[in-house]
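We count ligands from 1, going down the list as the structure has it; atoms in each ligand are counted the same way.
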Amino acid sequence: MSSEPARRSRGAVLQDVLPESLGFGTIFAPLVVTAWYRRGRWEDPVLCELGPVASSIGAKALQYGQSVFEGMKAYRDLGERSPESGSFLFRPHDHARRFARSARRLGMPELPPEVFVSTVVDLVAALDEYVPGRRGQSLYLRPTMVGTTEDLTVRPATEFCYTVLATPSDALFTEPINVWVERGYSRAGAGGTGNVKAAGNYAASFAVSERLLERGFHQPLWLDAATRGTVEEFTAMNVFVRRGEQLLTPPLSDTILAGVTRDSVMRLVEDAGDLQVREEAIPIDGLLAAIERGEDIEVFGTGTAAVVAPVALVGDESGLRLHLRGHETAARLREQLLDVQHGVATTHDEWLLSVGRS
Ligand SMILES: *Cc1c(COP(=O)(O)O)cnc(C)c1O
C-alpha cells in the first residue's frame with residue numbers, strides 16, 4: 001500500500017503519553033486507510049492523513065444508508081514472545097469475511113478479504129505507537145464501506161469508498177451493565193439486515209437506547225420481532241445466559257449477528273469443559289422467572305468493543321427490576337479472552353495475526 005505525505009506530521013501522540021483513561025472511540029489516530037471502488041474495480045488502497053472524505057449530501061450512503069462496517073482490535077503483545085513487543089490483530093480474517101457478507105447484503109462490491117486484512121495490518125504497523133499498552137486497552141479499528149454515488153435513484157451506488165479509522169480505546173463497559181428488555185421496538189426482522197453489520201441497524205436502535213440511558217440503563221435486550229418471546233441479542237453484543245452448569249446463547253439466524261467474540265467464548269468454554277454450551281432459544285419470561293426465584297444465573301454480553309460485559313440489572317417497562325449478583329463466569333471468560341488477545345495465553349495462536357512496527 002502506498003502512503004501519502006507526512007506520515008507523522010501531527011506531533012505523534014506516543015503510546016506512553018496517551019491518557020490513562022482513553023474512553024471508547026473518541027481519540028482518532030492521525031492515519032487512515034482509503035480505497036475507492038470505481039468503474040467496476042477496486043483501486044489500490046492508500047494510507048493517508050485523517051481528514052474529511054469529500055462527499056455530497058446526495059451520496060447513497062447518506063440518502064439510503066448504503067453503509068456497512070466492522071469493529072476489530074489490535075492488542076499490544078503483553079506475552080514474552082518478543083523483546084520488541086508488537087501487537088496482535090484478533091481473528092482479522094473472520095472480520096474480513098463478515099465485511100464481505102455485509103457488503104453483499106447491501107448490494108455493494110466485496111472487498112477481497114486478503115485486501116481487507118493487508119490494509120489493516122499496514123495501518124496498525126504504521127500506527128504502532130498508538131496501540132496502547134495496558135491490558136484491556138487496544139487500537140480499535142473501524143473498517144467502513146459507503147456508497148458515494150450522488151443521485152437519488154433508488155438503486156445501489158456504483159462508486160464506493162472503503163476506509164479504516166483507528167482509535168486507541170479502553171474496553172467498553174468495564175463495569176456490570178443494566179439492561180432493558182425492549183418489548184415495543186425490535187432490532188431485526190426475518191430476512192432483514194440484522195445478521196450483517198449495516199450502519200442502519202445501529203441508527204434504528206438510537207431512539208430506544210437514548211430513552212433507556214435517561215433511566216439508568218445501558219443497553220436494550222432485544223427480543224425476536226415475530227413473537228417478542230425469546231431473547232436475541234443487544235445492539236452490539238451477543239447475549240449469553242449461564243444457568244447452573246449450562247451456558248446458553250440463541251442459535252444464529254437471519255436476525256442475529258454472528259459475533260466473533262460469541263464464537264471465541266463458546267470455544268473457550270468448550271476447551272475448559274466445565275460448562276455445557278447450548279445454542280438454543282431463550283424464552284424471556286422463563287429467564288426472568290428463574291432470576292426472580294433466585295436461581296444460579298448469570299447474563300452477559302459479548303462483542304469486540306466490550307469483550308465480555310456482565311449484566312447487573314434487568315428491567316422493563318412494567319417496573320420490573322431484577323438484580324444479578326454473580327459475575328464469575330463472565331469475569332473468567334473476559335480474562336481468558338484478554339490473555340489470548342494480548343498473547344499471554346499459549347492457546348489459540350491461530351486467532352492472532354502478529355503485526356510488527358513499520
Ligand atoms: C458487531 C456486533 C456484535 C458483536 O460481534 P463481534 O464480532 O463479537 O464484535 C453483536 N451483535 C451485533 C448486532 C453487532 O453489530
Residue and atom name of the nearest protein heavy atom (relative to [atom]), distance in Å to one decimal:
atom	value
atom 8 (O) of ligand 1	Thr261 OG1, 2.6 Å
atom 4 (C) of ligand 1	Ala236 O, 3.6 Å
atom 5 (O) of ligand 1	Gly259 CA, 3.4 Å
atom 9 (O) of ligand 1	Thr304 OG1, 2.6 Å
atom 14 (C) of ligand 1	Lys197 NZ, 3.0 Å

Short list, please: which atoms of ligand 1 are under 4.0 Å from a heavy atom of [X]?
X	answer
Glu233	10 (C), 11 (N), 12 (C), 13 (C)
Arg187	13 (C)
Tyr202	1 (C), 2 (C), 14 (C), 15 (O)
Gly303	4 (C), 8 (O), 9 (O)

Atom [atom1] of [X] and atom [atom2] of [Y]: how far apart are they, to the nearest 0.5 Å?
X	Y	atom1	atom2	result
Arg91	Thr261	CZ	OG1	8.5 Å
Gln219	Trp180	CD	CH2	14.0 Å
Glu233	Ser253	CD	OG	8.5 Å

Looking at ligand 1, is there an atom of it that comes within less than 4.0 Å of some heavy atom belonging to Arg98? yes
Once you measure the plane-to-plane angle for Tyr162 and Phe116, does it fall in the parallel (<30°), tilted (30-60°) or perpendicular (>60°) bin? tilted
So Phe90 and Trp351, would you call those rings parallel, tilted or perpendicular, with 30° and 60° as cut-offs?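 Correct class here is perpendicular.
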Examine the proximity of ligand 1 to Met237 and report which part, side chain or backbone, both or neither, has a heavy atom under 4.0 Å away. backbone
With heavy atoms under 4.0 Å as the rule, classify the contact between Thr235 and ligand 1 as side chain, backbone, both or neither. backbone
Taking Glu280 for its side chain and Leu248 for its backbone only, find out whether a donor-acceptor pair lies under 3.5 Å.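 It does not hold such a pair.
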I'd like to know whether CD of Glu114 has more than 12 heavy-atom contacts from other residues, nucleotides or ligands below 6.0 angstrom. yes
State whether the number of non-hydrogen atoms from other residues, nucleotides or ligands found under 6.0 Å of Glu245 atom CD is greater than 12. no
Does the distance from a Lys or Arg side-chain N to an Asp or Glu carboxylate O, for Arg76 and Asp128, drop under 4.0 Å? yes
Does an N or O anywhere in Val260 fall below 3.5 Å from an N or O of ligand 1? yes
